There are 2 protein chains.
Amino acid sequence: MKWGELEDEPCSMARTIGVIGDRWTLLILRECFLRTRRFEGFQSSLGITRHLLAERLKKLVRQGVLRRIPYQDSPKRHEYILTQKGLDLYPIMMAIVHWGDTHMVDARGRPLLHQHRKCGKDFDPVMVCSECGEPLLAKEIHTHPGPGARRTPAPEKPKAKRETRAKTKAHRSAA
Amino acid sequence: MKWGELEDEPCSMARTIGVIGDRWTLLILRECFLRTRRFEGFQSSLGITRHLLAERLKKLVRQGVLRRIPYQDSPKRHEYILTQKGLDLYPIMMAIVHWGDTHMVDARGRPLLHQHRKCGKDFDPVMVCSECGEPLLAKEIHTHPGPGARRTPAPEKPKAKRETRAKTKAHRSAA
DNA sequence: TCTTACAGTTCTAAAACCGAACTGTCAATT
DNA sequence: AATTGACAGTTCGGTTTTAGAACTGTAAGA
């Protein structure tokens with residue numbers, strides 16, 4: 001599977017990964033949310049090579065995550081700002097940061113704190129159910145095919161094929 | 001910056017990206033949440049090369065995201081299951097899927113729906129503030145350095161240095 | 001005129017990835 | 001006893017991506 005093919009997969013996650021699923025893109029986006037807008041700004045704060053930065057920015061613009069806006073035209077210069085589609089990536093960023101805050105901090109503690117203007121407090125992001133408002137636990141979610149699912153889960157070979165998984169021989173008695 | 005160095009950055013996002021920030025790792029994790037546990041299972045559903053799969057699984061185990069558990073010992077065989085640290089990645093996965101559902105679906109609609117066992121309904125994940133429970137908007141969040149921040153934002157050169165950003169010459173009058 | 005800021009582009013070497021074949025253990029067949 | 005198949009990797013040659021550093025071009029300021 002090549003990078004370009006991800007966008008065509010019948011999976012929202014694969015498609016999203018096709019857009020933001022590489023290290024530099026995620027880091028560039030972080031900078032965007034921290035208000036960086038210009039080429040030099042990204043380059044110097046990330047240490048990304050100029051070549052790759054130019055490529056990634058182009059890709060993000062193509063995909064509608066960033067918009068390239070002129071801010072002067074003596075020598076034509078542009079800055080990159082998040083579109084609504086880009087701003088909507090915020091929950092992903094917060095979820096990533098929060099996991100890092102929980103599992104990857106050293107003894108010194110969190111590098112960055114987040115304050116919610118609405119209530120004035122430093123907060124953690126919590127993911128809840130849009131229907132009942134309860135926090136989501138992986139165990140309590142059941143996934144099922146939607147209208148855009150693949151045509152068939154492909155039974156492929158009608159030949160034996162033990163079964164999908166489990167039981168294969170996990171039922172052995174002694175050790 | 002090399003892959004290995006990301007973990008040492010004073011940024012929870014960079015550190016997290018060091019763990020899960022590549023295309024295959026994210027896809028492998030998706031499979032984990034969909035209950036895949038074994039090498040062949042990952043390989044056949046993802047189409048990843050066996051070489052890379054072996055590497056990624058090793059890395060995830062090293063990082064404590066997966067645990068490698070023997071399920072038989074005739075020929076020693078193991079399966080990979082999510083640790084608590086791994087399960088905690090769930091909000092990231094959901095946020096990614098949700099963005100894809102919102103911005104990357106074709107006319108047919110979502111490939112997958114998610115049902116919340118607690119309330120029985122198909123839902124969308126919503127990220128809210130842990131303190132006041134309100135949904136988080138990027139505009140309403142202010143970030144500030146925490147205890148684990150970098151020693152100094154490095155003033156570097158005391159020489160002129162116009163200013164950080166903006167105004168540079170954005171104040172031109174006509175077009 | 002010389003230097004600096006800014007936004008890229010070009011080029012070579014190094015690292016990562018792909019595809020396909022190969023290794024090794026054991027169970028079930030032939 | 002030899003063969004086949006499932007499973008979990010490992011090895012290897014060739015292709016892509018990245019890294020690193022230098023170069024291009026416009027315009028303002030000293």
Side-chain angles (χ1 to χ4, degrees), chain A residues 1-6 18 21-25 27-28 36-61 66 68-80 157 159-172, chain B residues 1-6 17-18 21-25 27-28 36-61 66 68-80 156-157 159-172:
Chain A
M1 199 193 309
K2 284 104 187 227
W3 272 105
E5 300 170 28
L6 277 178
D22 76 285
R23 137 168 101 132
W24 287 122
T25 299
L27 258 6
I28 289 169
T36 298
R37 300 148 164 333
R38 300 183 187 175
F39 195 92
E40 293 295 316
F42 291 110
Q43 205 282 317
S44 64
S45 62
L46 293 178
I48 183 177
T49 64
R50 310 177 73 75
H51 179 54
L52 261 209
L53 175 58
E55 266 222 345
R56 291 291 185 268
L57 288 173
K58 243 178 238 160
K59 185 177 167 191
L60 287 170
V61 168
L66 297 180
R68 191 160 170 270
I69 313 250
Y71 68 90
Q72 70 171 44
D73 44 29
S74 8
K76 276 265 181 196
R77 288 286 136 77
H78 304 79
E79 48 190 15
Y80 298 87
K157 301 171 189 170
K159 54 170 296 194
K161 203 179 195 312
R162 286 171 192 263
E163 85 290 38
T164 322
R165 184 168 306 115
K167 175 157 123 292
T168 304
K169 63 184 53 169
H171 46 38
R172 46 203 19 276
Chain B
M1 201 193 309
K2 284 107 187 223
W3 271 106
E5 301 171 29
L6 276 179
I17 289 172
D22 77 284
R23 140 169 97 132
W24 287 123
T25 300
L27 258 7
I28 289 169
T36 298
R37 299 148 157 354
R38 301 184 186 174
F39 195 92
E40 293 295 316
F42 291 110
Q43 206 282 317
S44 64
S45 62
L46 293 177
I48 182 177
T49 63
R50 311 176 73 75
H51 180 54
L52 261 209
L53 175 57
E55 265 220 346
R56 291 291 186 269
L57 288 174
K58 244 179 240 160
K59 185 176 167 192
L60 286 170
V61 168
L66 298 180
R68 189 158 172 273
I69 313 252
Y71 67 90
Q72 70 171 43
D73 43 28
S74 8
K76 276 265 182 196
R77 287 288 137 78
H78 304 81
E79 46 190 16
Y80 298 88
E156 300 172 344
K157 301 172 187 170
K159 54 171 297 194
K161 205 179 193 313
R162 284 172 192 258
E163 84 289 41
T164 323
R165 185 167 306 115
K167 176 158 123 287
T168 302
K169 61 184 53 166
H171 46 39
R172 48 207 11 280

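Owing to the predicted nature of the structure, the values given are computational and were not obtained by experimental measurement. Every chain is numbered from 1, with letters handed out A, B, ... down the list of sequences.
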Colleague: Does the side chain of R77(B) reach to within under 4.5 Å of the side chain of S74(B), using non-hydrogen atoms?
Modeller: no
Colleague: Rounded to the nearest Å, what distance is computed from the CG atom of residue L6(B) to the P atom of nucleotide dA19(D)?
Modeller: 10 Å
Colleague: Would you mind writing out the side-chain donor-acceptor pairs for residues 48-57 of chain A within the sub-3.5 Å range, not counting sequence neighbours?
Modeller:
residue: T49(A); atom: OG1; partner: L52(A); partner atom: N; Å: 3.3
residue: R50(A); atom: NH2; partner: E40(A); partner atom: OE2; Å: 2.5
residue: R56(A); atom: NE; partner: D22(A); partner atom: OD2; Å: 2.9
residue: R56(A); atom: NH2; partner: D22(A); partner atom: OD2; Å: 3.2

Colleague: Are any of R23(B)'s side-chain N or O atoms less than 4.0 Å away from OP1 or OP2 of dC18(C)?
Modeller: yes
Colleague: Can you list everything that forms a side-chain hydrogen bond (donor to acceptor under 3.5 Å, both in side chains) with Q43(B)? Sequence neighbours excluded, please.
Modeller: none
Colleague: If you draw the axis of the six-membered ring of Y71(B), does the NZ or CZ of R38(B) fall within 45° of it and under 6.0 Å from the ring centre?
Modeller: yes
Colleague: Write down the distance between CD (Q43(A)) and C1' (dT9(C)), rounded to a whole number of angstrom.
Modeller: 14 Å
Colleague: Return no unless some side-chain N or O of W24(B) is found under 4.0 Å from OP1 or OP2 of dA16(C).
Modeller: no
Colleague: Cut-off 3.5 Å, side chains only: do R68(A) and Y80(A) have a donor facing an acceptor?
Modeller: yes
Colleague: Side chain of R77(A): nearest nucleotide among dT26(D), dT25(C), dA27(D)?
Modeller: dT26(D)
Colleague: Going by number, which of residues 48-57 of chain B have a non-hydrogen atom under 4.0 Å from DNA chain C?
Modeller: T49(B), R50(B), L52(B), R56(B)
Colleague: Within the structure shown, what part of the strands sits under 4.0 Å from Y80(B) by heavy-atom distance: base, sugar-phosphate, or nothing?
Modeller: sugar-phosphate
Colleague: Closer than 4.0 Å, any side-chain N/O of R37(B) to the OP1 or OP2 of dA8(D)?
Modeller: no
Colleague: Are the side chains of I28(B) and T36(B) in contact, using a 4.5 Å heavy-atom criterion?
Modeller: no
Colleague: Would you mind telling me which of dA27(D), dC6(C), dC7(D) lies closest to the side-chain atoms of Y71(A)?
Modeller: dC6(C)
Colleague: Does K58(A) place a side-chain N or O at less than 4.0 Å from the phosphate oxygens OP1/OP2 of dT9(C)?
Modeller: yes
